[in-house]
Amino acid sequence: MRRDVILRIGVKLILPFILVFAFYVHLHGDYGPGGGFQAGVIIAGMIILYALVFGLAAAKRAVPAALVGRLVPLGGAAAE
């Protein structure tokens with residue numbers, strides 16, 4: 001994993017753009033296709049990409065279980 005410098009730098013550069021696109025899809029859901037589910041899938045894909053490149057331990061440090069536990073009820077409340 002230490003020799004994948006180009007892959008690690010590329011992923012670090014593209015992750016913020018993926019997050020901004022997920023917010024755009026979420027906010028654009030009122031006017032066209034998109035919404036909370038699609039945005040959540042994009043963010044989950046971003047976390048999976050991070051875990052594949054940097055390892056599962058790094059992904060667990062970046063997105064702790066306590067944060068996920070707090071965000072899950074918000075997703076259900078947003079559906080109302």
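None of the values given here were measured: they were computed from a predicted structure.
One distance of note links CD1 of I42 with CG of L19; it measures 10.0 Å at 0.5 Å rounding. Expressed to the nearest 0.5 Å, how far CG of L52 lies from CG of L7 amounts to 9.5 Å. Rounded to the nearest 0.5 Å, atoms CG (D4) and CD1 (I9) are 11.0 Å apart. Between atom CD1 of residue I18 and atom CD1 of residue I43 there is a gap of 10.5 Å, rounded to the nearest 0.5 Å. The CG atom of L15 sits 6.0 Å away from atom CE of M46, with the distance rounded to the nearest 0.5 Å.
Hydrophobic clustering (ILVMFWY, side-chain heavy atoms < 4.5 Å, transitive): F37 and F21 are in distinct clusters. Two different hydrophobic clusters hold V25 and F17 under the rule that ILVMFWY side chains link at heavy-atom gaps under 4.5 Å.
The neighbour count for L67 CG, taken as heavy atoms of other residues, nucleotides or ligands under 6.0 Å away, is above 12.
A heavy-atom distance below 4.5 Å is not found between the side chains of V20 and Y24.
Ring orientation note: the planes of Y50 and F54 are tilted relative to one another, at an angle of 30° to 60°.
Summarising the geometry of A22 relative to A39, their closest heavy-atom pair is O-CB, 3.3 Å, with the distance given to 0.1 Å.
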